[in-house]
Amino acid sequence: WQTAILCPTEILAEQHFTSFSDWFESLGIKVSLLTGSTKAKDKALLIRELAEGNIDILIGTHAIFQQRIKFKNLGLSDDLILLLSELGYKEPTKIQSLSIPLALMGRDILGCAQTGTGKTASFVLPIIEILNNQKSKARMPRSLILTPTRELAEQISIYFKKILKNNKLNFCLLIGGTALTDQDKLLNKGVDILIATPGRLIDHINRGNILFNAVSYTHLTLPTKRIV
């Protein structure tokens, strides 16, 4: 499949499937549902269709990776697994076990989970794994993380600082309240991971400070409440 929509519960997955399947299929997009309640016969057929590339969007739950309960099973490098162990990580949470393998495969993911379930690690770890063996270029970040608020951007940057211990990758935080010239200097040195709020990112785009040619991984963090 090309895109996966991962949900924390079967009810939510079924609601998404019911809401979107007819519309997607009217556009010629094949959509399938895979949960723990999927019948064995239907699951076998679905797996065969997946292997043959006949499904465009897969909507599912933990049933997709129900056997993946250790970080070593998620496709992460030994160095990263060792670091996670040193930081006190024991087993991946549901959102991590769902999203990390798909992200490492280069799939598009729409994930939702409660606060405190490890959503940040679920996208930070694949970014590090994917970018580790490449080199950054001036004004050309290789990964973009866009957040709606300055506070959330700062939280993500703190996590990156912790997880990038002894790693050659670097990141740049673009938020208001910090001089544009200081951020310019960081961008000119070459940045692997760009963490930004929309307003400050637009400021730098208008100044011609950023090129997106090298971006291979984009993460959008949505607010938990709609702001009218």
Side-chain angles (χ1 to χ4, degrees), residues 6 76 80 83-84 86-89 93 95-96 99-100 102-104 106-228:
L6 308 178
L76 299 173
L80 196 50
L83 175 59
L84 291 173
E86 292 175 352
L87 294 174
Y89 287 81
T93 64
I95 186 67
Q96 292 165 2
S99 59
I100 290 175
L102 290 174
L104 292 175
R107 304 299 189 185
D108 296 326
I109 302 171
L110 174 61
C112 53
Q114 295 179 338
T115 300
T117 55
K119 293 189 295 296
T120 302
S122 71
F123 68 83
V124 168
L125 297 178
I127 288 177
I128 295 173
E129 196 67 56
I130 292 170
L131 301 184
N132 243 340
N133 297 317
Q134 303 171 12
K135 187 176 180 180
S136 60
K137 299 179 180 178
R139 298 180 183 274
M140 296 179 66
R142 297 188 290 136
S143 179
L144 172 63
I145 300 172
L146 195 61
T147 73
T149 67
R150 171 178 175 173
E151 291 75 18
L152 184 54
E154 289 177 326
Q155 290 176 16
I156 294 173
S157 71
I158 291 172
Y159 187 81
F160 263 109
K161 185 176 182 179
K162 177 175 67 173
I163 207 72
L164 287 177
K165 176 184 177 183
N166 300 326
N167 193 295
K168 63 181 181 180
L169 296 178
N170 60 12
F171 67 90
C172 178
L173 178 63
L174 301 185
I175 57 176
T178 304
L180 284 167
T181 53
D182 292 339
Q183 295 172 354
D184 289 346
K185 293 177 182 178
L186 292 174
L187 292 171
N188 284 329
K189 291 180 180 179
V191 175
D192 297 300
I193 301 155
L194 192 62
I195 307 167
T197 53
R200 184 47 62 100
L201 180 63
I202 291 172
D203 289 339
H204 282 283
I205 292 174
N206 291 337
R207 288 163 63 92
N209 290 339
I210 300 175
L211 298 174
F212 294 103
N213 307 53
V215 172
S216 59
Y217 191 110
T218 302
H219 174 83
L220 305 178
T221 298
L222 302 180
T224 56
K225 294 183 180 180
R226 180 177 295 177
I227 301 175
V228 180

### Task
Dump the intermediate steps for side chain to side chain contact (heavy atoms under 4.5 Å, CB included) on Thr218 and Leu146, then the final yes or no.
CA-CA 8 Å; Thr218 302; Leu146 195 61; 6.0 Å; no
### Query
At their closest point, which heavy atom of Arg150 faces which heavy atom of Gly176, and how far apart are they?
NH1-O, 3.1 Å
### Query
How many angstroms lie between atom NE2 of His219 and atom CD1 of Ile193, to the nearest 0.5 angstrom?
12.5 Å
### Message
Could you work out, with salt bridge (Lys or Arg N to Asp or Glu O under 4.0 Å) as the rule, every residue matching Glu151, not counting sequence neighbours?
### Response
none
### Side chain to side chain, Ile163 and Leu87, heavy atoms closer than 4.5 Å
yes
### Set of side chain to side chain contact (heavy atoms under 4.5 Å, CB included) partners for Thr120, sequence neighbours left out
Phe123, Val124, Tyr159
### Query
Ala113 and Ile95: which non-hydrogen atoms are nearest, and at how many Å?
CB-CB, 4.0 Å
### Query
Taking atom CG of Leu102 and atom OG of Ser122, what is their separation to the nearest 0.5 Å?
11.0 Å
### Query
With a 4.5 Å limit on heavy-atom distance, are the side chains of Leu201 and Leu194 in contact?
yes
### Query
Would the number of heavy atoms belonging to other residues, nucleotides or ligands and lying under 6.0 Å from CD of Glu86 be above 12?
yes
#### Entry: Atom pair CG (Leu76) and CD (Glu129), whose distance is rounded to the nearest 0.5 Å
5.5 Å
### Task
For residues Leu173 and Thr178, determine if any side-chain heavy atom of one lies less than 4.5 Å from a side-chain heavy atom of the other.
no
#### Entry: Glu154 CD to Thr197 OG1 distance, which is reported to the nearest 0.5 Å
9.5 Å
### Task
State the CG-CG distance between Asn170 and Leu186, to the nearest 0.5 angstrom.
8.5 Å
#### Entry: pair Ile145-Phe171: side-chain heavy atoms closer than 4.5 Å
no
### Query
For the atom pair OG1 (Thr93) and CD1 (Ile100), what is the distance rounded to the nearest 0.5 Å?
7.5 Å
### Task
Would you name the heavy atoms of Lys168 and Asn132 that are closest together and state the gap between them?
CE-O, 2.8 Å
### Task
Please list all pairs passing the side chain to side chain donor-acceptor pair (under 3.5 Å) test where one or both residues lie in residues 204-214, with sequence neighbours left out.
Arg139-Asn209, Gln183-His204, Asp184-His204, Asp184-Arg207, Asp184-Asn209, His204-Asn209
### Task
Identify the heavy atoms of Pro148 and Thr221 that sit nearest to each other, and give their distance.
CD-O, 3.0 Å
### Query
For the residue pair Leu169 and Asp192, what are the closest heavy atoms and their distance?
CA-OD2, 3.3 Å
### Query
If you take all heavy atoms of Leu211 and Pro141, which pair is closest and at what distance?
O-CD, 3.5 Å
